[in-house]
Amino acid sequence: MESNVEQLERGERINIDPLLLDQYPDAVYVLDCDLRLVDSNEKLSLLFNGEEERFIHPASWLPKAESERVQAFHQRSLQGETVHYELQALNADGRSIHLSITNTPLYTGRVITGLYGVVKDLTTQTELRERYNRMKVSRVLFERIPGLILIELDLDTGTFYHSPRSSSCGAASRRLPFTRQSACRSTVT
């Protein structure tokens, strides 16, 4: 019977059960010890618009400090530690994303042969939490300051939200005819 070290010396691939990857509810990827992509599931591809290789090379889409932080987490995982971290960045479409990532060492026998990563997309949860917090603050302000009028502009959609007391303003309730954030900003400022 040959050892795991002998298998590694021959350069054999890391074997991962494809069902494990495909059935997992989150994006999953496997890297070898040289941090090359061995396998991933479709959810990682969807998260990065078919460019899952881009995810594996953080220097191509993250600021330098964040890229170095991710590389340090990968190295810690390759040393035998399970690590958890979060990233906030822009995806290829320029949209802000919030990811929670877990890296776990991948063993073949007793030898670490790579790492296994799970990526949870927290973007929607984060956006909902921020919207809830804004609404909560608005409610407290309305209760404490009589006659307060609140107008909020969503730069992504070009729509206004206004408090019920501001309905007399009329124009605040219409949809702005802009499709770009810069056009909205220049009109508001």
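Computation of the quantities below employed the complete heavy-atom set of this structure, encompassing side-chain atoms and omitting hydrogens, waters and symmetry-equivalent molecules.
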Interatomic spacing from NE2 in His84 to OG1 in Thr102 - rounded to 0.5 Å:
5.0 Å
Who are the side chain to side chain donor-acceptor pair (under 3.5 Å) partners of Gln75, not counting sequence neighbours?
none
Mind checking whether Leu106 and Val30 have side chains closer than 4.5 Å, heavy atoms only?
yes
Rounded to the nearest 0.5 Å, the CG atom of Leu35 sits from the CD atom of Gln71 at a distance of 6.0 Å
If two hydrophobic side chains count as joined below 4.5 Å and joins carry through other members, does Leu122 share a cluster with Leu47?
no
Under 3.5 Å, side chain of Asp121 to main-chain N/O of Thr123, donor-acceptor pair present?
yes
All side chain to side chain donor-acceptor pair (under 3.5 Å) counterparts of Tyr107, not counting sequence neighbours:
none
Which heavy atom of Leu62 sits nearest to which heavy atom of Glu66, and what is that distance?
CB-CB, 4.1 Å
Arg54 side, atom CZ; Ser60 side, atom OG - distance, nearest 0.5 Å:
5.5 Å
Scanning both residues in full, the closest heavy-atom pair of Ser67 with Pro58 reads OG-C, 3.6 Å
Just how far is it from atom CG of Leu99 to atom CG of Leu87, taken to the nearest 0.5 Å?
6.0 Å
Output for pair (Tyr116 OH, Ser77 OG), nearest 0.5 Å, gives 12.5 Å
side-chain contact (heavy atoms from CB on, under 4.5 Å) for Leu44 and Val28? Distances and angles first, verdict last.
CA-CA 6 Å; Leu44 186 68; Val28 178; over 6 Å; no
side-chain contact (heavy atoms from CB on, under 4.5 Å) between Ile112 and Gln79, worked out
CA-CA 8 Å; Ile112 295 175; Gln79 297 300 314; 5.9 Å; no
Take Tyr29 and Asn103, measure what side-chain hydrogen bond (donor to acceptor under 3.5 Å, both in side chains) needs, and give me the verdict at the end.
CA-CA 9 Å; Tyr29 62 95; Asn103 291 143; 2.7 Å; yes
Using the ring of each side chain (for Trp, its six-membered ring), is Phe73 parallel, tilted or perpendicular to Tyr85, with breaks at 30° and 60°?
parallel
About how many Å separate CD of Glu86 and NZ of Lys120, when rounded to the nearest 0.5 Å?
11.5 Å
Scanning both residues in full, the closest heavy-atom pair of Asp26 with Val118 reads CB-CG1, 3.9 Å
Any residue meeting salt bridge (charged side-chain N to carboxylate O under 4.0 Å, His left out) with Arg131, in chain and number order, not counting sequence neighbours
none
Does the side chain of Leu31 reach to within under 4.5 Å of the side chain of His74, using non-hydrogen atoms?
yes
